Amino acid sequence: MPLRVYNTLTGRKEDFEPIQPGKVGMYVCGVTVYDYCHIGHARANIVFDVIYRYLRFAGYDVNYVRNYTDVDDKIIRRAQERGVESRKLAEEFIGAFDEDMAALGLDIPTCQPRATEHIGQIVDIIQNLIDRKMAYEAGGDVYYSVEKFPGYLKLSKRNMEEMRAGTRIAPGEGKINPMDFALWKAAKPGEPFWESPWGKGRPGWHIECSAMSMKYLGESFDIHGGGKDLIFPHHENEIAQSEGATGKPFVKYWLHNGFVNVNQEKMSKSLGNFFTIRDILKKYDPEIVRFFLLTAHYRSPIDFSDKNLEDARTGLTRFYETLKAAGETLSNHVPDDTSCVTLTPEAREIFDRIEVLEDRFSEAMDDDFNTALAIGHLFEAVRGMNRIMGAEEYSECPLLLAALRDARDKLVKLGGVLGLFGADPTLWLERKASRGLQEKGLEKERIEALIEERRTARANRDFARADAIRDELAEKGVILLDSKEGTTWRMK
RNA sequence: GGCCCCGUCGCCAAGUGGUAAGGCAGAGGUCUGCAAAACCUCCAUCACCAGUUCGAAUCUGGUCGGGGCCUCCA
């Protein structure tokens with residue numbers, strides 16, 4: 001089955017056919033670096049990280065470009081507020097962005113260009129647009145003339161007349177049409193600037209993405225991504241600039257991810273209801289955040305809440321518990337040919353399910369990157385593995401052990417495509433436990449002492465005391481697990 | 001006001017024409033001194049109404065409810 005993607009431009013799912021067979025050029029709008037990233041940025045970047053990973057998994061040679069917009073009105077304003085150079089400010093938040101993305105386990109794109117390093121390309125495109133009469137200079141500013149581009153608003157599917165009704169030309173702007181947008185802005189005193197044919201100034205928002213994407217991916221490329229909120233005006237204007245300058249189709253597939261909501265409402269800076277990635281990572285393991293974000297389809301809105309994050313933690317823990325148990329089973333049990341002469345129908349069924357796991361996974365991902373469905377299939381593998389491990393009478397059976405190993409390896413491999421299950425299960429679970437202890441203000445030694453006391457009580461058949469200890473710990477979120485090998489504990 | 005999206009089990013969430021994946025929670029069972037974990041079994045007819053169709057959660061129209069974009073925003 002071919003990969004199908006939902007294309008904002010056509011409003012439909014389409015078969016994915018890259019311009020050059022086997023190769024994919026993908027550009028994703030990065031961040032404007034003037035503040036810390038929030039969970040919405042995390043979603044966008046994780047979504048496209050997974051798309052990047054899956055395309056490679058599917059055999060494509062992917063050129064993934066994600067930019068930093070490091071010159072912009074907001075950066076300048078924030079820098080002035082803080083009394084620092086805007087370049088310094090941008091540098092600081094590029095560093096913060098890189099840290100956040102690394103913490104979230106993102107693969108590094110093939111190319112991470114910065115707007116300020118491409119002023120030459122930007123000026124060239126603007127000049128080209130002026131030469132083609134698609135843009136005009138006015139008092140040191142340069143504006144794009146949207147009426148000159150017949151395809152304007154084809155991405156956002158709006159109506160020029162109605163759009164115009166709501167806009168007006170601000171004082172000091174030399175726009176001919178209120179819908180026109182700035183390609184170049186003349187520098188005001190104290191602002192950073194570059195020399196240009198129109199005097200000292202800086203690029204407007206949008207043009208940097210046209211310049212960088214076309215420089216690294218060519219005038220036409222396959223995928224352009226970003227959050228839904230970038231459809232208008234940012235991506236609409238990118239199309240106008242790029243196609244206006246080249247006369248060629250700019251992007252084949254436009255992909256947009258949905259928002260992160262808080263209490264069913266869009267999270268945004270203007271509403272003030274946003275959570276930074278750093279704050280969230282103080283409370284939750286990065287992989288939990290990733291897992292949570294991938295349990296919804298990338299185009300759907302997702303509601304951010306403690307309840308949902310805790311559900312995600314429970315779910316991800318289930319994977320790691322099973323992976324850990326599988327690892328232990330595989331190293332503790334030696335295959336012995338005599339231990340399984342006949343295979344039950346149930347075992348057969350589990351084998352079959354493991355057999356088709358990868359196909360199921362790919363089928364889900366081929367349908368517009370349906371990570372939620374893909375994760376559902378992975379949960380079934382977990383159940384299969386636990387069933388194998390529960391079948392004690394066959395614990396040395398080579399067939400079952402081989403199936404278990406196969407399932408474990410597939411789970412890790414396919415999880416890797418989602419950026420999941422990459423940690424050592426034992427370490428991951430220990431980290432989770434110690435984080436839980438810290439939150440509850442508990443100490444490992446204290447718990448282990450109580451477990452020892454309970455062991456003695458149980459040995460003396462003093463079950464009242466044993467149960468009292470268990471209840472006491474349970475109240476603090478510590479769950480005891482008795483087995484033949486002894487008692488272990490975990491955080492709820 | 002214009003354009004667009006959504007409304008699936010208590011909660012989260014897939015499914016876009018052939019009679020509802022998965023997770024969490026819940027019920028019963030196996031295991032256990034009792035539990036927990038794990039496993040097994042059970043648990044929805046898809047906001048509402050009217051159509052199209054042999055057949056609709058899936059298509060059309062309407063109603064109600066929620067949200068987004070139109071200004072910086074992932």
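Residue numbering restarts at 1 for every chain, and letters A, B, ... go by the order of the sequence lines. Being a predicted model, the structure only gives us computed values, none of them experimental.
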Novice: If you apply the rule side-chain hydrogen bond (donor to acceptor under 3.5 Å, both in side chains), what do you find for A:N67 with A:Y27, and how did you get there?
Specialist: CA-CA 8 Å; A:N67 73 290; A:Y27 185 91; 3.1 Å; yes
Novice: Please state the C1' separation for the pair B:A37 and B:C24 - nearest whole angstrom.
Specialist: 16 Å
Novice: Run the side chain to side chain donor-acceptor pair (under 3.5 Å) test against A:D229 and tell me which residues pass, sequence neighbours left out.
Specialist: none
Novice: Measure NE2/A:H235 against C1'/B:C69 and give the value in whole Å, please.
Specialist: 14 Å
Novice: My understanding is that only residues two or more places apart in sequence, or in another chain, count here; which of them pass side chain to side chain donor-acceptor pair (under 3.5 Å) with A:T329?
Specialist: none
Novice: Let me know the distance between NE2 of A:H224 and P of B:A74, rounded to the nearest Å.
Specialist: 12 Å
Novice: Tell me the interatomic distance from A:I39, atom CD1, to B:A74, atom P, rounded to whole angstroms.
Specialist: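 That distance rounds to 14 Å.
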Novice: Within 45 degrees of the ring normal and closer than 6.0 Å to the centroid, is that where the cationic atom of A:K13 sits relative to A:Y6?
Specialist: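 Relative to the ring axis of A:Y6, which defines the angle, A:K13 lies outside at least one limit.
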Novice: Between A:V382 and A:M267, who's closer to the 5' end of RNA chain B by nearest nucleotide?
Specialist: A:V382
Novice: By the 4.0 Å heavy-atom rule, please label A:G11 as base, sugar-phosphate, or nothing.
Specialist: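 Nothing: the residue A:G11, judged by heavy atoms under 4.0 Å, touches no strand.
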Novice: Encode nucleotides 9-21 of chain B as B, S and - characters from 5' to 3', where the letter depends on protein heavy atoms closer than 4.0 Å: B to the base, S only to sugar-phosphate, - to neither.
Specialist: --SSSSS-----B
Novice: Name the one of A:L420, A:V382, A:V412 that satisfies side-chain contact (heavy atoms from CB on, under 4.5 Å) with A:F319?
Specialist: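 Per the side-chain contact (heavy atoms from CB on, under 4.5 Å) rule, the option paired with A:F319 is A:V382, out of A:L420, A:V382, A:V412.
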Novice: Does the structure show a Watson-Crick or G-U wobble partner for B:C3, both distances under 3.5 Å? Name it, or say none.
Specialist: B:G68
Novice: When you match A:H234 and A:Y6 each to their closest nucleotide on RNA chain B, which lands nearer the 5' end?
Specialist: A:Y6
Novice: Starting at atom CG of A:L230, determine the distance to atom C1' of B:C70, rounded to an integer number of angstrom.
Specialist: 15 Å
Novice: Just list the side-chain donor-acceptor pairs under 3.5 Å for residues 95-105 of chain A, sequence neighbours left out, or say none.
Specialist:
| residue | atom | partner | partner atom | Å |
| --- | --- | --- | --- | --- |
| A:D98 | OD1 | A:Y68 | OH | 2.5 |
| A:D98 | OD2 | A:Y68 | OH | 3.4 |
| A:E99 | OE1 | A:R278 | NH2 | 3.1 |
| A:D100 | OD1 | A:R278 | NE | 3.1 |
| A:D100 | OD1 | A:R278 | NH2 | 3.3 |

Novice: Could you tell me how far B:G51 sits from B:C12 if I compare only their P atoms? Round to whole Å.
Specialist: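 Rounded to whole Å, the distance is 32 Å.
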Novice: Have a look at A:V260 and say if it touches a base, only the backbone sugar-phosphate, or nothing, with a 4.0 Å heavy-atom cut-off.
Specialist: base
Novice: Excluding sequence neighbours, so at least two apart, what forms disulfide bond (SG atoms under 2.5 Å apart) with A:C397?
Specialist: A:C340
Novice: Extract from the structure each pairing of a protein N or O with an N or O of nucleotides 1-4 of chain B at less than 3.5 Å, listing the distance.
Specialist:
| residue | atom | partner | partner atom | Å |
| --- | --- | --- | --- | --- |
| B:G2 | O2' | A:E162 | OE1 | 2.4 |
| B:C3 | O2' | A:K157 | O | 3.3 |

Novice: How are the rings of A:F181 and A:H206 set relative to one another: parallel (under 30°), tilted (30 to 60°) or perpendicular (over 60°)?
Specialist: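 Ring orientation, 0 to 90° scale: perpendicular.
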Novice: CD1 of A:I76 versus P of B:C72: gap in Å, rounded?
Specialist: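 My rounded result for the distance is 15 Å.
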Novice: Could you tell me whether A:G227 contacts a base, only the sugar-phosphate backbone, or nothing, with contacts defined as non-hydrogen atoms closer than 4.0 Å?
Specialist: sugar-phosphate
Novice: Determine the interatomic distance between C1' on B:C3 and the same-named atom on B:U8; round to the nearest Å.
Specialist: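 Comparing C1' positions in B:C3 and B:U8 gives a spacing of 27 Å.
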Novice: Under 3.5 Å, side-chain donor or acceptor atoms of residues 352-361 of chain A against the rest of the protein: list the pairs with distances, not counting sequence neighbours.
Specialist:
| residue | atom | partner | partner atom | Å |
| --- | --- | --- | --- | --- |
| A:R353 | NH2 | A:E349 | OE2 | 2.4 |
| A:E358 | OE1 | A:K413 | NZ | 3.0 |
| A:E358 | OE2 | A:K413 | NZ | 3.3 |

Novice: Watson-Crick or G-U wobble partner for B:C42, using a 3.5 Å limit on both distances?
Specialist: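 B:C42 is paired, partner B:G26.
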Novice: Once each nucleotide of nucleotides 32-37 of chain B is scored for protein heavy atoms under 4.0 Å, what B/S/- sequence comes out, 5' to 3'?
Specialist: -BBBBS
Novice: Could you pull out the closest heavy-atom pair between A:G40 and A:M267, with the gap in Å?
Specialist: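 That would be N-CE, 3.4 Å.
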Novice: Counting only Watson-Crick or G-U wobble pairs whose two distances fall under 3.5 Å, which nucleotide matches B:A13?
Specialist: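 Result: none.
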Novice: Using the C1' atom on both, measure B:A44 against B:C69 and round to a whole Å.
Specialist: 34 Å
Novice: Rounded to whole angstrom, note down the C1' distance from B:C48 over to B:G65.
Specialist: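 So the two C1' atoms sit 10 Å from each other.
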Novice: Measure up the A:H38 and A:F274 rings against each other and bin them: parallel (under 30°), tilted (30 to 60°), perpendicular (over 60°).
Specialist: tilted
Novice: Tell which nucleotide pairs with B:U60, taking only Watson-Crick or G-U wobble pairs whose two distances are both under 3.5 angstrom.
Specialist: B:A50
Novice: Identify the two heavy atoms, one from A:A312 and one from A:F291, that lie closest to each other, and give their separation to 0.1 Å.
Specialist: O-CD2, 3.6 Å
Novice: What pairs meet the salt bridge (Lys or Arg N to Asp or Glu O under 4.0 Å) rule with one or both residues in residues 317-331 of chain A, with sequence neighbours excluded?
Specialist: A:E321-A:R490
Novice: Distances under 3.5 Å between protein N/O atoms and the N/O atoms of nucleotides 40-45 of chain B, please, pair by pair.
Specialist:
| residue | atom | partner | partner atom | Å |
| --- | --- | --- | --- | --- |
| B:C40 | OP1 | A:R387 | NH1 | 3.4 |

Novice: For the C1' atoms, the ones on B:C9 and on B:U45, what distance do you get once it is rounded to whole angstrom?
Specialist: 11 Å
Novice: Suppose we define a pair by two distances each less than 3.5 Å, Watson-Crick or G-U wobble; what does B:A21 pair with here?
Specialist: none
Novice: Could you give the distance separating B:C59 and B:G18 at their P atoms, to the nearest angstrom?
Specialist: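 So the two P atoms sit 12 Å from each other.
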Novice: Does A:F275 have its ring centroid less than 6.0 Å away from the ring centroid of A:F304?
Specialist: yes
Novice: Rounded to the nearest Å, what distance is computed from the CZ atom of residue A:R77 to the C1' atom of nucleotide B:C73?
Specialist: 12 Å
Novice: Round to the nearest Å and state the distance from A:M385 atom CE to B:C39 atom P.
Specialist: 11 Å
Novice: Mind checking salt bridge (Lys or Arg N to Asp or Glu O under 4.0 Å) for A:E453 and listing every partner two or more places apart, or none if nothing turns up?
Specialist: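 Once residues adjacent in sequence are excluded, the partners of A:E453 under the salt bridge (Lys or Arg N to Asp or Glu O under 4.0 Å) criterion are A:R465.
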Novice: What residue pairs, at least two apart or across chains, pass salt bridge (Lys or Arg N to Asp or Glu O under 4.0 Å) with a residue in residues 299-308 of chain A?
Specialist: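 Matches after skipping sequence neighbours: A:K283-A:D306, A:R299-A:D368, A:K307-A:D311.
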Novice: Rounded to whole angstrom units, what separation is found between the CD atom of A:E346 and the P atom of B:A38?
Specialist: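 Those two atoms, CD and P, are 20 Å apart.
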